J.: 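The structure follows.
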Amino acid sequence: MIDKIKALLQEVENMKAANAEELEALRIKYLSKKGEISALMNDFRNVAADQKREVGKFLNELKEATQNKINELKEGFDNVQTGNDDIDLTRTSYPIELGTRHPLSIVKKEICDIFGRLGFSIAEGPEIEDDWHVFSSLNFAEDHPARDMQDTFFIQHNPDVLLRTHTSSVQTRVMETQEPPIRIICPGRVYRNEAISYRAHCFFHQVEALYVDKNVSFADLKQALLFFAKEMFGPETKIRLRPSYFPFTEPSAEMDISCNLCGGKGCAFCKHTGWVEILGCGMVDPNVLENCGIDSKVYTGYALGMGIERITNLKYQVKDLRMFSENDVRFLKQFESAN
Ligand SMILES: [Zn+2]
(Lines give C-alpha, C1' and ligand atoms only; values in the text may rest on other atoms or scores of the structure.)
Protein backbone atom coordinates (compact mmCIF):
# COMPACT_ATOMS: atom_id res chain seq x y z
CA MET A 1 0.00 0.00 0.00
CA ILE A 2 2.87 2.35 0.76
CA ASP A 3 4.18 1.78 -2.78
CA LYS A 4 0.81 2.77 -4.20
CA ILE A 5 0.76 5.94 -2.07
CA LYS A 6 4.27 6.83 -3.23
CA ALA A 7 3.27 6.32 -6.87
CA LEU A 8 0.24 8.56 -6.36
CA LEU A 9 2.42 11.18 -4.65
CA GLN A 10 4.66 11.19 -7.70
CA GLU A 11 1.59 11.53 -9.95
CA VAL A 12 0.26 14.43 -7.93
CA GLU A 13 3.65 16.20 -8.06
CA ASN A 14 3.57 16.17 -11.87
CA MET A 15 -0.11 17.06 -12.12
CA LYS A 16 -0.94 19.69 -14.72
CA ALA A 17 -4.20 21.34 -15.77
CA ALA A 18 -4.69 23.56 -18.81
CA ASN A 19 -7.94 25.08 -17.61
CA ALA A 20 -10.44 25.13 -14.77
CA GLU A 21 -12.39 22.11 -16.14
CA GLU A 22 -9.29 19.96 -16.26
CA LEU A 23 -8.45 21.00 -12.72
CA GLU A 24 -11.93 20.08 -11.52
CA ALA A 25 -11.56 16.68 -13.18
CA LEU A 26 -8.32 16.14 -11.27
CA ARG A 27 -9.96 17.20 -8.02
CA ILE A 28 -12.73 14.66 -8.58
CA LYS A 29 -10.21 11.98 -9.56
CA TYR A 30 -8.19 12.33 -6.31
CA LEU A 31 -10.19 14.12 -3.64
CA SER A 32 -13.91 13.32 -4.20
CA LYS A 33 -15.70 10.69 -2.13
CA LYS A 34 -15.23 8.17 -4.90
CA GLY A 35 -11.71 9.38 -5.69
CA GLU A 36 -8.40 7.57 -5.37
CA ILE A 37 -7.54 8.96 -1.94
CA SER A 38 -10.96 8.10 -0.47
CA ALA A 39 -10.47 4.58 -1.80
CA LEU A 40 -7.11 4.39 -0.01
CA MET A 41 -8.75 5.70 3.17
CA ASN A 42 -11.24 2.85 2.94
CA ASP A 43 -8.42 0.32 2.45
CA PHE A 44 -6.66 1.81 5.50
CA ARG A 45 -9.07 -0.11 7.72
CA ASN A 46 -7.48 -3.34 6.48
CA VAL A 47 -3.93 -2.28 7.19
CA ALA A 48 -2.22 -4.28 9.89
CA ALA A 49 -2.21 -2.49 13.22
CA ASP A 50 1.60 -2.31 13.44
CA GLN A 51 1.76 -0.62 10.01
CA LYS A 52 -1.11 1.83 10.60
CA ARG A 53 1.14 4.53 12.00
CA GLU A 54 3.51 4.55 8.99
CA VAL A 55 0.82 4.13 6.34
CA GLY A 56 -1.32 6.80 8.00
CA LYS A 57 1.57 9.23 7.85
CA PHE A 58 2.04 8.63 4.09
CA LEU A 59 -1.67 8.79 3.46
CA ASN A 60 -1.97 12.17 5.21
CA GLU A 61 1.04 13.40 3.29
CA LEU A 62 -0.60 12.40 0.02
CA LYS A 63 -3.89 14.04 0.93
CA GLU A 64 -2.18 17.26 1.92
CA ALA A 65 0.09 17.31 -1.15
CA THR A 66 -2.88 16.76 -3.46
CA GLN A 67 -4.90 19.52 -1.83
CA ASN A 68 -1.90 21.88 -1.99
CA LYS A 69 -1.19 21.07 -5.62
CA ILE A 70 -4.79 21.65 -6.65
CA ASN A 71 -4.87 24.96 -4.72
CA GLU A 72 -1.65 25.98 -6.39
CA LEU A 73 -2.99 25.25 -9.88
CA LYS A 74 -6.26 27.00 -9.05
CA GLU A 75 -4.39 30.10 -7.90
CA GLY A 76 -2.60 30.16 -11.27
CA PHE A 77 -5.97 30.33 -13.05
CA ASP A 78 -7.31 32.91 -10.62
CA ASN A 79 -4.36 35.18 -11.29
CA VAL A 80 -4.96 35.06 -15.04
CA GLN A 81 -8.58 35.88 -14.41
CA THR A 82 -7.65 38.78 -12.16
CA GLY A 83 -5.67 40.14 -15.11
CA ASN A 84 -8.78 40.01 -17.26
CA ASP A 85 -10.79 41.72 -14.57
CA ASP A 86 -8.90 44.96 -15.32
CA ILE A 87 -11.25 45.38 -18.24
CA ASP A 88 -14.60 45.95 -16.64
CA LEU A 89 -17.02 46.35 -19.49
CA THR A 90 -19.76 47.58 -17.19
CA ARG A 91 -17.71 50.45 -15.80
CA THR A 92 -18.47 54.01 -16.91
CA SER A 93 -15.86 55.10 -19.44
CA TYR A 94 -13.30 57.80 -18.71
CA PRO A 95 -14.53 61.25 -19.79
CA ILE A 96 -13.00 62.22 -23.12
CA GLU A 97 -12.00 65.87 -23.23
CA LEU A 98 -13.10 67.44 -26.48
CA GLY A 99 -10.69 70.01 -27.87
CA THR A 100 -11.86 73.47 -28.78
CA ARG A 101 -11.31 75.40 -31.95
CA HIS A 102 -8.63 78.06 -31.63
CA PRO A 103 -10.07 81.60 -31.36
CA LEU A 104 -8.12 82.66 -34.44
CA SER A 105 -9.61 79.76 -36.39
CA ILE A 106 -13.10 80.68 -35.20
CA VAL A 107 -12.70 84.28 -36.35
CA LYS A 108 -10.96 83.32 -39.60
CA LYS A 109 -13.85 81.02 -40.44
CA GLU A 110 -16.36 83.74 -39.62
CA ILE A 111 -14.59 86.27 -41.87
CA CYS A 112 -14.35 83.75 -44.71
CA ASP A 113 -18.02 82.80 -44.29
CA ILE A 114 -19.14 86.44 -44.50
CA PHE A 115 -17.18 87.02 -47.71
CA GLY A 116 -18.35 83.63 -48.93
CA ARG A 117 -21.90 85.00 -48.79
CA LEU A 118 -20.73 87.82 -51.10
CA GLY A 119 -19.47 85.27 -53.61
CA PHE A 120 -15.78 85.19 -52.63
CA SER A 121 -13.97 81.88 -52.76
CA ILE A 122 -10.92 80.94 -50.68
CA ALA A 123 -7.45 81.04 -52.24
CA GLU A 124 -4.23 79.97 -50.54
CA GLY A 125 -0.56 80.22 -51.35
CA PRO A 126 2.89 79.30 -50.02
CA GLU A 127 4.34 80.87 -46.87
CA ILE A 128 7.86 80.74 -48.29
CA GLU A 129 7.75 83.18 -51.16
CA ASP A 130 9.95 85.06 -53.59
CA ASP A 131 10.53 88.80 -53.88
CA TRP A 132 8.33 89.11 -56.95
CA HIS A 133 5.14 87.84 -55.36
CA VAL A 134 5.60 89.60 -52.02
CA PHE A 135 7.07 92.94 -53.11
CA SER A 136 7.92 93.67 -56.74
CA SER A 137 4.59 92.70 -58.31
CA LEU A 138 2.81 94.73 -55.65
CA ASN A 139 4.52 98.00 -56.45
CA PHE A 140 6.98 98.05 -53.55
CA ALA A 141 9.81 100.41 -54.52
CA GLU A 142 13.36 99.03 -54.54
CA ASP A 143 14.16 101.00 -51.41
CA HIS A 144 10.92 100.27 -49.56
CA PRO A 145 11.68 99.62 -45.87
CA ALA A 146 9.71 96.35 -45.91
CA ARG A 147 12.47 94.87 -48.07
CA ASP A 148 14.91 95.53 -45.28
CA MET A 149 16.28 92.66 -43.19
CA GLN A 150 14.89 94.51 -40.18
CA ASP A 151 11.33 93.78 -41.25
CA THR A 152 11.41 90.63 -43.31
CA PHE A 153 12.73 87.13 -42.64
CA PHE A 154 14.96 86.11 -45.53
CA ILE A 155 15.95 82.51 -45.92
CA GLN A 156 19.70 81.86 -45.88
CA HIS A 157 20.42 85.54 -46.65
CA ASN A 158 19.03 85.05 -50.12
CA PRO A 159 17.13 88.26 -50.91
CA ASP A 160 14.84 86.33 -53.26
CA VAL A 161 13.62 83.69 -50.79
CA LEU A 162 11.65 84.99 -47.84
CA LEU A 163 8.74 84.35 -45.52
CA ARG A 164 5.74 86.29 -46.81
CA THR A 165 5.06 89.47 -44.87
CA HIS A 166 1.45 89.63 -46.04
CA THR A 167 -1.05 87.43 -47.84
CA SER A 168 -1.12 89.86 -50.81
CA SER A 169 1.30 87.45 -52.46
CA VAL A 170 -1.64 85.08 -52.93
CA GLN A 171 -3.49 87.81 -54.81
CA THR A 172 -0.57 88.11 -57.24
CA ARG A 173 -0.46 84.35 -57.74
CA VAL A 174 -4.18 84.21 -58.53
CA MET A 175 -4.13 87.27 -60.84
CA GLU A 176 -1.18 85.81 -62.74
CA THR A 177 -3.01 82.61 -63.50
CA GLN A 178 -6.71 83.51 -63.68
CA GLU A 179 -8.75 85.74 -65.94
CA PRO A 180 -11.13 88.24 -64.30
CA PRO A 181 -13.69 88.19 -62.83
CA ILE A 182 -11.64 87.29 -59.76
CA ARG A 183 -13.31 87.25 -56.37
CA ILE A 184 -11.10 85.64 -53.76
CA ILE A 185 -10.44 85.72 -50.06
CA CYS A 186 -6.96 84.73 -48.87
CA PRO A 187 -6.49 83.72 -45.25
CA GLY A 188 -3.06 82.74 -43.98
CA ARG A 189 -0.10 83.10 -41.68
CA VAL A 190 2.44 85.86 -42.30
CA TYR A 191 5.83 86.65 -40.78
CA ARG A 192 7.60 89.83 -39.77
CA ASN A 193 10.88 90.36 -38.02
CA GLU A 194 9.49 91.97 -34.88
CA ALA A 195 10.34 91.58 -31.22
CA ILE A 196 7.64 89.58 -29.47
CA SER A 197 5.57 91.59 -27.01
CA TYR A 198 1.97 91.77 -25.89
CA ARG A 199 1.07 93.69 -29.05
CA ALA A 200 3.52 92.37 -31.66
CA HIS A 201 4.60 88.92 -32.76
CA CYS A 202 6.97 87.54 -35.35
CA PHE A 203 4.06 85.73 -36.97
CA PHE A 204 0.39 86.56 -37.20
CA HIS A 205 -2.57 85.94 -39.48
CA GLN A 206 -4.22 87.94 -42.19
CA VAL A 207 -7.24 87.71 -44.41
CA GLU A 208 -7.24 89.62 -47.66
CA ALA A 209 -10.02 89.97 -50.18
CA LEU A 210 -9.63 90.83 -53.86
CA TYR A 211 -12.28 91.60 -56.43
CA VAL A 212 -11.26 92.31 -60.03
CA ASP A 213 -13.80 92.76 -62.80
CA LYS A 214 -15.06 95.33 -65.28
CA ASN A 215 -16.45 98.49 -63.63
CA VAL A 216 -15.51 97.66 -60.05
CA SER A 217 -15.66 100.96 -58.17
CA PHE A 218 -14.85 102.38 -54.76
CA ALA A 219 -18.60 102.34 -54.03
CA ASP A 220 -18.53 98.54 -54.42
CA LEU A 221 -15.68 98.38 -51.94
CA LYS A 222 -17.55 100.53 -49.46
CA GLN A 223 -20.66 98.38 -49.66
CA ALA A 224 -18.64 95.20 -49.14
CA LEU A 225 -16.94 96.79 -46.12
CA LEU A 226 -20.23 97.93 -44.60
CA PHE A 227 -21.76 94.49 -45.12
CA PHE A 228 -18.74 92.84 -43.52
CA ALA A 229 -18.70 95.20 -40.50
CA LYS A 230 -22.41 94.70 -39.78
CA GLU A 231 -22.20 90.92 -40.17
CA MET A 232 -19.08 90.68 -38.02
CA PHE A 233 -19.81 93.20 -35.27
CA GLY A 234 -23.59 93.58 -35.35
CA PRO A 235 -26.19 95.55 -37.36
CA GLU A 236 -25.64 98.77 -35.38
CA THR A 237 -22.01 98.99 -36.47
CA LYS A 238 -20.98 102.12 -38.37
CA ILE A 239 -17.88 102.44 -40.54
CA ARG A 240 -15.69 105.35 -41.56
CA LEU A 241 -12.88 105.49 -44.10
CA ARG A 242 -9.73 107.54 -43.69
CA PRO A 243 -7.32 108.18 -46.58
CA SER A 244 -4.14 106.16 -46.27
CA TYR A 245 -1.25 104.85 -48.34
CA PHE A 246 -0.32 101.33 -49.43
CA PRO A 247 2.03 100.57 -52.34
CA PHE A 248 -0.47 98.26 -54.04
CA THR A 249 -3.69 100.28 -53.89
CA GLU A 250 -4.61 103.72 -55.19
CA PRO A 251 -6.56 105.36 -53.66
CA SER A 252 -6.01 103.65 -50.30
CA ALA A 253 -7.99 103.90 -47.10
CA GLU A 254 -8.09 102.60 -43.58
CA MET A 255 -11.41 101.58 -42.15
CA ASP A 256 -12.59 102.21 -38.62
CA ILE A 257 -15.71 100.77 -37.06
CA SER A 258 -17.72 102.33 -34.28
CA CYS A 259 -16.31 100.91 -31.04
CA ASN A 260 -18.18 97.69 -30.33
CA LEU A 261 -17.57 98.01 -26.59
CA CYS A 262 -19.05 101.44 -25.92
CA GLY A 263 -21.21 101.69 -29.03
CA GLY A 264 -19.30 104.78 -30.18
CA LYS A 265 -19.70 106.80 -26.98
CA GLY A 266 -16.02 106.55 -26.11
CA CYS A 267 -14.18 104.24 -23.71
CA ALA A 268 -10.64 103.27 -22.72
CA PHE A 269 -10.59 100.58 -25.42
CA CYS A 270 -11.20 103.05 -28.27
CA LYS A 271 -9.09 105.72 -26.50
CA HIS A 272 -12.30 107.73 -26.07
CA THR A 273 -12.64 108.34 -29.80
CA GLY A 274 -15.60 106.00 -30.32
CA TRP A 275 -13.80 104.40 -33.28
CA VAL A 276 -11.39 101.47 -33.68
CA GLU A 277 -9.28 100.74 -36.73
CA ILE A 278 -9.80 97.32 -38.24
CA LEU A 279 -8.50 97.10 -41.79
CA GLY A 280 -6.77 98.62 -44.79
CA CYS A 281 -8.24 98.72 -48.27
CA GLY A 282 -8.24 100.49 -51.61
CA MET A 283 -8.56 100.20 -55.36
CA VAL A 284 -5.94 97.88 -56.83
CA ASP A 285 -3.17 100.01 -58.31
CA PRO A 286 -3.24 99.73 -62.15
CA ASN A 287 0.50 98.89 -62.03
CA VAL A 288 -0.27 95.79 -59.96
CA LEU A 289 -2.91 94.65 -62.46
CA GLU A 290 -0.47 95.17 -65.34
CA ASN A 291 2.31 93.34 -63.45
CA CYS A 292 0.00 90.34 -63.27
CA GLY A 293 -0.98 90.50 -66.92
CA ILE A 294 -4.42 92.06 -66.43
CA ASP A 295 -5.38 94.95 -68.74
CA SER A 296 -5.91 97.90 -66.38
CA LYS A 297 -7.83 99.80 -69.09
CA VAL A 298 -10.48 97.09 -69.10
CA TYR A 299 -10.50 95.92 -65.51
CA THR A 300 -10.49 97.55 -62.11
CA GLY A 301 -10.51 95.99 -58.68
CA TYR A 302 -10.55 96.53 -54.99
CA ALA A 303 -8.56 94.84 -52.25
CA LEU A 304 -8.82 94.81 -48.50
CA GLY A 305 -6.84 93.15 -45.77
CA MET A 306 -7.05 92.72 -42.05
CA GLY A 307 -5.21 91.03 -39.20
CA ILE A 308 -7.17 88.12 -37.76
CA GLU A 309 -5.60 88.76 -34.32
CA ARG A 310 -6.91 92.34 -34.44
CA ILE A 311 -10.47 91.24 -35.22
CA THR A 312 -10.30 88.48 -32.59
CA ASN A 313 -9.07 91.04 -30.09
CA LEU A 314 -12.04 93.27 -30.88
CA LYS A 315 -14.51 90.43 -30.58
CA TYR A 316 -13.11 88.77 -27.46
CA GLN A 317 -10.89 91.46 -25.85
CA VAL A 318 -7.73 89.38 -25.78
CA LYS A 319 -5.27 91.90 -24.40
CA ASP A 320 -2.06 89.97 -24.94
CA LEU A 321 -1.26 88.80 -28.47
CA ARG A 322 1.12 86.15 -27.16
CA MET A 323 -1.75 84.16 -25.69
CA PHE A 324 -2.76 83.09 -29.19
CA SER A 325 0.39 81.01 -29.60
CA GLU A 326 0.98 79.77 -26.06
CA ASN A 327 -1.54 76.92 -26.24
CA ASP A 328 -2.63 77.46 -22.66
CA VAL A 329 -5.66 75.21 -22.29
CA ARG A 330 -7.19 77.55 -19.68
CA PHE A 331 -7.21 80.30 -22.31
CA LEU A 332 -8.35 78.11 -25.21
CA LYS A 333 -11.20 76.50 -23.24
CA GLN A 334 -12.87 79.88 -22.87
CA PHE A 335 -13.81 79.75 -26.54
CA GLU A 336 -15.69 76.46 -26.21
CA SER A 337 -19.08 78.05 -26.65
CA ALA A 338 -17.97 79.89 -29.79
CA ASN A 339 -17.22 76.63 -31.61
ZN1 LIG B 1 -15.16 102.47 -27.06
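Position 1 is the first residue of the sequence; numbering continues from there. What you see is a predicted model; the values in this text were computed from it and never measured.
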J.: Of E127, E129, R164, which meets side-chain hydrogen bond (donor to acceptor under 3.5 Å, both in side chains) against Y191?
T.: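 Result for side-chain hydrogen bond (donor to acceptor under 3.5 Å, both in side chains) with Y191: E127.
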
J.: Supply the atom-to-atom distance M255 CE to L221 CG, rounded to the nearest 0.5 angstrom.
T.: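 That separation rounds to 9.0 Å.
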
J.: Around K265, counting heavy atoms of other residues, nucleotides and ligands shown, do more than 12 lie under 6.0 Å from its NZ?
T.: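 Atom NZ in K265 is not crowded, with 12 or fewer foreign heavy atoms closer than 6.0 Å.
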
J.: Can any side-chain N or O of N291 pair as donor or acceptor with the backbone N or O of N287 at less than 3.5 Å?
T.: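 Indeed, once roles are kept as given, a pair shorter than 3.5 Å links the two residues.
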
J.: Can you give me the closest heavy-atom contact between S325 and H201, atom names plus distance?
T.: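 So the two residues come closest at OG-NE2, 3.2 Å.
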
J.: For atom CZ of R53, decide whether the heavy atoms of other residues, nucleotides or ligands shown that lie under 6.0 angstrom number more than 12.
T.: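 No - once you tally the heavy atoms of other residues, nucleotides and ligands closer than 6.0 Å, there are 12 at most.
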
J.: Could you grab the distance from atom CD1 of I111 to atom CD of Q206, nearest 0.5 Å is fine?
T.: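 Separation between the atoms: 11.0 Å.
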
J.: Is it the case that one hydrophobic cluster holds both M306 and Y316, taking links as side-chain heavy atoms less than 4.5 Å apart, direct or via other members?
T.: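 Yes: a chain of side-chain contacts under 4.5 Å links M306 to Y316.
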
J.: Would you please test V161 and I128 for side-chain contact (heavy atoms from CB on, under 4.5 Å) and show each step?
T.: CA-CA 7 Å; V161 186; I128 298 174; 3.8 Å; yes

J.: Please say whether more than 12 non-hydrogen atoms of neighbouring residues, nucleotides or ligands are located less than 6.0 Å from NZ in K222.
T.: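 Atom NZ in K222 is not crowded, with 12 or fewer foreign heavy atoms closer than 6.0 Å.
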
J.: Could you tell me which non-hydrogen atom of A303 sits nearest to which non-hydrogen atom of L210, and how far apart they are?
T.: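 Nearest heavy atoms, A303 then L210: CB-CD1, 4.2 Å.
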
J.: Sub-3.5 Å donor-acceptor pair from the side chain of D160 to the main-chain atoms of D131, do we have one?
T.: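 Yes, D160 side chain to D131 backbone: donor-acceptor pair under 3.5 Å.
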
J.: Assigning hydrophobic clusters by single linkage (Ile, Leu, Val, Met, Phe, Trp, Tyr; side-chain heavy-atom cutoff under 4.5 Å), is I28 placed with L31?
T.: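 Result: no, two separate clusters.
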
J.: Could you tell me whether E277 and R242 have a side-chain N and a carboxylate O separated by less than 4.0 Å?
T.: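 Between R242 and E277 there is a salt bridge, with a charged N closer than 4.0 Å to a carboxylate O.
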
J.: Is there side-chain contact between I257 and I239, with heavy atoms separated by less than 4.5 Å?
T.: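 Result yes, sub-4.5 Å side-chain heavy-atom pair found.
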
J.: Looking at S169 and H133, would you say the former's side chain and the latter's main chain have a donor-acceptor pair under 3.5 Å?
T.: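 Side chain of S169 to backbone of H133, a donor-acceptor pair under 3.5 Å: no, none is there.
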
J.: As a quick check of understanding, evaluate side-chain contact (heavy atoms from CB on, under 4.5 Å) for M232 and V107, giving each step before the final call.
T.: CA-CA 9 Å; M232 193 78 199; V107 171; 3.8 Å; yes

J.: Can you check whether L332's main-chain N or O pairs, donor with acceptor, with H102's side chain at less than 3.5 Å?
T.: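 No, because the side chain of H102 does not come within donor-acceptor range (under 3.5 Å) of the backbone of L332.
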
J.: Apply side-chain contact (heavy atoms from CB on, under 4.5 Å) to residues I2 and V55 and explain how you reach the verdict.
T.: CA-CA 6 Å; I2 289 180; V55 173; 3.8 Å; yes

J.: Would you say Y30 and E11 are linked by a side-chain donor-acceptor pair, where the criterion is simply a distance under 3.5 Å?
T.: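 Looking only at side-chain atoms, Y30 and E11 do form a donor-acceptor pair, the distance falling under 3.5 Å.
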
J.: Nearest 0.5 angstrom please: I184 CD1 to I122 CD1, how far?
T.: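 The CD1 atom of I122 is 11.0 Å from CD1 of I184, to the nearest 0.5 Å.
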
J.: Between R173 and P126, is any pair of side-chain heavy atoms under 4.5 Å apart?
T.: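 With C-beta onward as the side chain, the pair touches.
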
J.: So do T165 and F140 actually touch side chain to side chain, heavy atoms under 4.5 Å?
T.: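 With C-beta onward as the side chain, the pair stays apart.
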
J.: Kindly compute the distance separating OH (Y211) from CG (L304), expressed to the nearest 0.5 Å.
T.: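 One gets 13.5 Å once the value is rounded to the nearest 0.5 Å.
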
J.: Using modelled atom types only, decide if a donor and an acceptor are shared between the side chain of S38 and the backbone of K34 within a distance under 3.5 Å.
T.: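 Looks like no, no N/O pair under 3.5 Å.
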
J.: Ion pair present between K109 and D113, side-chain N to carboxylate O less than 4.0 angstrom?
T.: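 Yes, charged N to carboxylate O under 4.0 Å.
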
J.: Heavy atoms, side chains only, cut-off 4.5 Å: are F203 and L163 in contact?
T.: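 A side-chain contact is absent here, since even the closest heavy-atom pair is not under 4.5 Å.
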
J.: Following the transitive rule for hydrophobic clusters with a side-chain heavy-atom cut-off under 4.5 Å over Ile, Leu, Val, Met, Phe, Trp and Tyr, establish whether M15 and F58 coincide in one cluster.
T.: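 Looking at the clustering, F58 is in the same group as M15.
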
J.: Look up atom CG in L62 and atom CD1 in I37, then write down how far apart they are to the nearest 0.5 Å.
T.: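 Spacing of CG (L62) from CD1 (I37) equals 4.0 Å.
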
J.: Looking at side-chain heavy atoms only, is the closest gap between F331 and V318 below 4.5 Å?
T.: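 In short, these two side chains touch, coming nearer than 4.5 Å.
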
J.: What closest approach, in Å, do V170 and C186 show between heavy atoms, and which atom pair accounts for it?
T.: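 Heavy atoms of V170 and C186 come nearest at CG1-SG, 3.8 Å.
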
J.: Within a 6.0 Å radius of atom CG on N215, are there more than 12 heavy atoms belonging to other residues, nucleotides or ligands?
T.: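 Check fails, neighbour count at 12 or below.
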
J.: Donor-acceptor pair, N139 side chain versus P247 backbone, under 3.5 Å?
T.: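 Here the side-chain-to-backbone pair exists.
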
J.: Kindly indicate whether the side chain of L73, heavy atoms from C-beta on, has any atom under 4.5 Å from the side chain of E22.
T.: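 Contact flag for L73/E22 side chains = no.
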
J.: Quick check: closest heavy atoms across S217 and M283, and the distance to 0.1 Å?
T.: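 Reported closest heavy-atom pair: C-CE, 3.7 Å.
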
J.: Check C270 against G274 and note the closest heavy-atom contact, atom names and distance.
T.: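 Looking at all heavy atoms of both residues, the closest pair is SG-N, 3.3 Å.
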
J.: Could you walk me through whether D285 and F246 satisfy the side-chain contact (heavy atoms from CB on, under 4.5 Å) test, starting with their C-alpha distance in whole Å, then the side-chain angles of each, then the deciding distance to 0.1 Å, before giving a yes or no?
T.: CA-CA 9 Å; D285 193 301; F246 303 110; over 6 Å; no

J.: Other residues, nucleotides and ligands only: do more than 12 of their heavy atoms fall within 6.0 Å of CD on Q317?
T.: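 Count over threshold, so yes.
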
J.: Give the cluster check for F324 versus V329: same hydrophobic cluster or not, with ILVMFWY residues linked at side-chain heavy-atom distances below 4.5 Å.
T.: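 Different clusters.
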
J.: Is F44 reachable from V12 through a run of I, L, V, M, F, W or Y residues, each pair having side-chain heavy atoms under 4.5 Å apart?
T.: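 As far as the 4.5 Å side-chain criterion goes, F44 and V12 are connected within one cluster.
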
J.: Take H166 and F248 through the test ring-ring contact (aromatic ring centres under 6.0 Å, His included) and record every step on the way to the result.
T.: CA-CA 12 Å; H166 50 196; F248 35 81; 5.7 Å; yes

J.: Taking NZ, NE, NH1 and NH2 as the nitrogens, is one of them in E54 or K57 under 4.0 Å from a carboxylate oxygen of the other?
T.: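 No, no charged N to carboxylate O under 4.0 Å.
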
J.: Tell me, do R189 and F204 make a side-chain contact under 4.5 Å, heavy atoms counted?
T.: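 Not in contact.
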
J.: Strictly distance-based, threshold 3.5 Å: is any side-chain N or O of E309 a donor or acceptor partner for the main-chain N or O of H205?
T.: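 At least one qualifying donor-acceptor pair exists.
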
J.: Nearest heavy-atom pair of R322 and S197: which atoms, and what distance?
T.: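 Between these two residues, the closest heavy atoms are CG-O, 3.4 Å.
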
J.: Tell me whether E254 contacts the main-chain N or O of S244 through its side chain, where contact means a donor paired with an acceptor under 3.5 Å.
T.: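 No; judged by distance alone, with no hydrogens or angles, the pair does not exist.
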
J.: Roughly how far, to the nearest 0.5 Å, is the OG1 atom of T167 from the CD atom of E124?
T.: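 Answer rounded to 0.5 Å: 10.5 Å.
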
J.: Return yes if some donor-acceptor pair links the side-chain N/O of Q10 with the main-chain N/O of K6 below 3.5 Å, else return no.
T.: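 Such a contact is absent between Q10 side chain and K6 backbone.
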
J.: Is there a donor-acceptor contact under 3.5 Å from the side chain of R192 to the main chain of A200?
T.: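 The answer is no, because no donor-acceptor pair under 3.5 Å joins these two groups.
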
J.: Of L289, V288, V284, which meets side chain to side chain contact (heavy atoms under 4.5 Å, CB included) against I294?
T.: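 When L289, V288, V284 are each tested with I294, the side chain to side chain contact (heavy atoms under 4.5 Å, CB included) holds only for L289.
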
J.: By the definition side chain to side chain contact (heavy atoms under 4.5 Å, CB included), identify the one residue from V212, D213, V216, L225 that meets it with Y302.
T.: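 Testing each of V212, D213, V216, L225 against Y302, the sole residue satisfying side chain to side chain contact (heavy atoms under 4.5 Å, CB included) is V216.
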
J.: Would you mind reporting whether F233 and K315 have side-chain heavy atoms less than 4.5 Å apart?
T.: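 Counting from C-beta outward, K315 and F233 do come under 4.5 Å.
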
